[in-house]
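Throughout, a chain's letter reflects where its sequence line sits, starting with A, and its residues are numbered from 1. Just so you know, these numbers come straight off a predicted model, no measurement behind them.
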Amino acid sequence: MPELPEVETIRRSLEKTIKNLTICQADIYLPQIVKIPSTERFLEQVANKKVTGIERKGKYLLIRLAQNMTLVVHFRMTGKFICCDPKDPVVKHTHLVFQLDNNSELRYNDVRQFGRFYLLESNDLNQIPGLKKMGIEPFDACFTRDYLKKHIKFRRTKIKPLLMDQCFIAGIGNIYADEILQAAKIHPERLACSLNAREIANLYLSIKKVLNKGIEYNGASIRDYVDSNGEKGRFQEQLAVYNREGEPCINCSTAIIRKRIGGRSSHFCPVCQKAADK
DNA sequence: CCGTAACCCTGCGTGC
DNA sequence: TGCACGCAGGGTTACG
């Protein structure tokens, strides 16, 4: 499930493999993957476009093309790119194929079919609601401890769902939210407005530290995430709480709890991450 | 503003 | 061996 560190890893690998290549043509095998424009216009407009750069905003990947066009990709749960030889067998769940001018192919594979593609003029990206409403980038210079403090103070929601709210901060999903709260020693059900200055400072540092570590380890390969060269990440070996229900806490050996919070399964240490008194 | 739930979809684990 | 079922998960949308 590509979150910020996984998408950043994909971005970096694509920068090496497809930047400055030209897309000769594309084939769509699952039309619903392409949200904007129609499949016909998509195929027509993407053909013969040079890839000029690859950027990331939150969990979105932005493939910049010639003539001021941008191909936007959201991987959701199981989407991935595969760079390969055209002769390589087309594996199951391949929904989109781009033929490149160096006789290679970039294939989009997505078991759950939740991922989405958009092809737009670069100044029209606000047509994608998730980009228009996107919150601050955790590595933006404007994201400071004071910024976090200011925006957290009046929110009467639980801290974990807030961390995962893409309108609040961009790029944090279920895995990294659990890991960030563990690092900050904050219970996921604490109300955001109840955090004191010390806790907000810890949370701020933990957001940066955990996301940076995720990038450093090339993302987490839970289930079957791989980058566009088929490389697995190693962050899953560093997880302190996620997917560790019943296993001992790395600090105090207490069994890690799993609980549904805000409709998502959440993992935390009941001792290190104390709940607020009711 | 906040919480809950449905929806999209397939693979996998479980129970029979 | 195999079927039926429920669950997982991100983001969007609907509703109270």
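Closest to the side chain of A:K92, out of B:dG11, B:dC2, C:dG9, is B:dG11.
Within the nucleic acid shown, A:D110 has no heavy atom closer than 4.0 Å to any nucleic acid atom. No engagement by A:R116 is indicated, since no non-hydrogen atom pair under 4.0 Å with the nucleic acid exists.
With A:Y204 contributing its side chain and A:F143 its backbone, the two residues share a donor-acceptor pair below 3.5 Å.
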### Summary
Protein heavy-atom contacts under 4.0 Å, written 5' to 3' over nucleotides 11-16 of chain C as B (base), S (sugar-phosphate only) or - (none), form the string BS----
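A:F81 pairs with exactly one of A:D110, A:L61, A:N109 by the side chain to side chain contact (heavy atoms under 4.5 Å, CB included) rule, that one being A:L61.
An OP1 or OP2 oxygen of B:dC8 is reached within less than 4.0 angstrom by no side-chain nitrogen or oxygen of A:Q32. Here A:Y242 does not reach the OP1 or OP2 of C:dA8: none of its side-chain N or O atoms lies under 4.0 Å away. One finds a side-chain N or O of A:T157 lying less than 4.0 angstrom from the OP1 or OP2 phosphate oxygen of B:dG3. Taking 4.0 angstrom as the limit, A:R112 places none of its side-chain polar atoms (N or O) nearer than this to OP1 or OP2 of B:dC8.
Atom CG in A:N174 sits roughly 6 Å away from atom P in C:dG9 (whole-Å rounding). Taking atom CZ on A:F114 and atom C1' on B:dC8, their separation rounds to 5 Å, with Å as the unit.
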